[in-house]
Chemist: 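What follows is a single structure, and I will ask about it in a moment.
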Amino acid sequence: QAQLVESGGGLVQAGDSLTLSCAASGRTFSGNMPGWFRQAPGKEREFVAVISWRDGSTDYLDSVKGRFTISRDNAKNTVYLQMNSLKPEDTAVYYCAADLKYIGRWYSKGPWGQGTQVTVSS
């Protein structure tokens, strides 16, 4: 069964950086559009970033553009989310999704990883 394993979360201060990783086992990202979502306490899960495994094209949530960068390593079957200039409002559990679709907005039916907590203190 396909599994996604996220890592790299933690507690940082505002302005710091973190890099999240999402490794796939039992499946590959090939041909898909993997990405990241996040969910803050009391809020709905929201799209953060997506990347085309085929050509590397990307899309981002407006509030993270210029600060976050999504990338992929085909050989390692891993997706990364480099997060710079972190803000307290970036605090959330970050989830990796294996394949995103776009119908008016980005969404995913899964599979999902277990999530990794990112906490940004002011």
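For the single chain, residues carry numbers from 1 onward in sequence order. Because the structure is predicted, anything quoted here is derived from the model rather than measured.
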Chemist: Just verifying a value: how many Å separate N77 CG and S25 OG, rounded to the nearest 0.5 Å?
Modeler: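 These two atoms lie 9.0 Å from each other.
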Chemist: Starting from I51, can I reach Y80 by hopping between I/L/V/M/F/W/Y residues whose side chains sit under 4.5 Å apart?
Modeler: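 Each belongs to a different hydrophobic cluster.
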Chemist: Do you know which two heavy atoms are closest between K43 and Q39, and how far apart they sit?
Modeler: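 The pair with the smallest heavy-atom distance is O-NE2, 3.1 Å.
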Chemist: Taking P34's backbone N and O only, do any of them form a donor-acceptor pair with N32's side chain (distance below 3.5 Å, no angle check)?
Modeler: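 Between the backbone of P34 and the side chain of N32 there is no qualifying donor-acceptor contact (under 3.5 Å).
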Chemist: Decide whether T91 and E89 meet the rule of one side-chain donor and one side-chain acceptor closer than 3.5 Å.
Modeler: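 The criterion, which ignores hydrogens and geometry beyond distance, is not satisfied for E89 and T91.
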Chemist: Please check if the distance between the ring centroids of Y94 and W36 is under 6.0 Å.
Modeler: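 Aromatic pair excluded; centres sit 6.0 Å or further apart.
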Chemist: Measure the spacing between CG of D59 and CZ of F47 and express it to the nearest 0.5 Å.
Modeler: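 Here the interatomic distance stands at 4.5 Å.
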Chemist: Using ring centroids (six-membered ring only for Trp), state whether W112 and F37 fall under 6.0 Å.
Modeler: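 Yes, they do, as the ring centres are separated by less than 6.0 Å.
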Chemist: Under 3.5 Å, side-chain donor or acceptor atoms of residues 61-69 against the rest of the protein: list the pairs with distances, not counting sequence neighbours.
Modeler:
residue: D62; atom: OD1; partner: K65; partner atom: NZ; Å: 3.0
residue: R67; atom: NE; partner: S63; partner atom: O; Å: 3.4
residue: R67; atom: NH1; partner: S85; partner atom: O; Å: 3.0
residue: R67; atom: NH1; partner: D90; partner atom: OD2; Å: 2.8
residue: R67; atom: NH2; partner: S63; partner atom: O; Å: 3.0
residue: R67; atom: NH2; partner: D90; partner atom: OD1; Å: 3.1
residue: R67; atom: NH2; partner: D90; partner atom: OD2; Å: 3.4

Chemist: Looking only at atom types and distance, does a side-chain atom of T78 sit under 3.5 Å from a main-chain N or O of K76, one as donor and one as acceptor?
Modeler: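 Here the side-chain-to-backbone pair exists.
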Chemist: Only distances under 3.5 Å count here; give the side-chain donor-acceptor pairs of residues 7-21 to other protein atoms, sequence neighbours excluded, each with its distance to 0.1 Å.
Modeler:
residue: D16; atom: OD2; partner: Q13; partner atom: N; Å: 3.1
residue: S17; atom: OG; partner: N84; partner atom: OD1; Å: 2.9
residue: T19; atom: OG1; partner: Q82; partner atom: OE1; Å: 2.4

Chemist: Does the Lys NZ or Arg CZ of R72 fall within the cation-pi geometry relative to F29 - under 6.0 Å from the ring centre and within 45° of the axis?
Modeler: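 No, R72 does not lie over the aromatic ring of F29.
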Chemist: Minimum heavy-atom separation for A92 and R38, please, with both atom names.
Modeler: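 Scanning both residues completely, I find the closest heavy atoms to be CB-CB, 3.8 Å.
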Chemist: Search all heavy atoms of Y60 against all heavy atoms of A49 and return the closest pair with its distance.
Modeler: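 Taking every non-hydrogen atom into account, CD2-CB, 3.6 Å.
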Chemist: Indicate, with yes or no, if Y102 and L100 share a hydrophobic cluster defined by side-chain heavy-atom contacts under 4.5 Å among Ile, Leu, Val, Met, Phe, Trp and Tyr.
Modeler: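 Yes, because L100 and Y102 connect within a single hydrophobic cluster, where side-chain heavy atoms sit under 4.5 Å apart.
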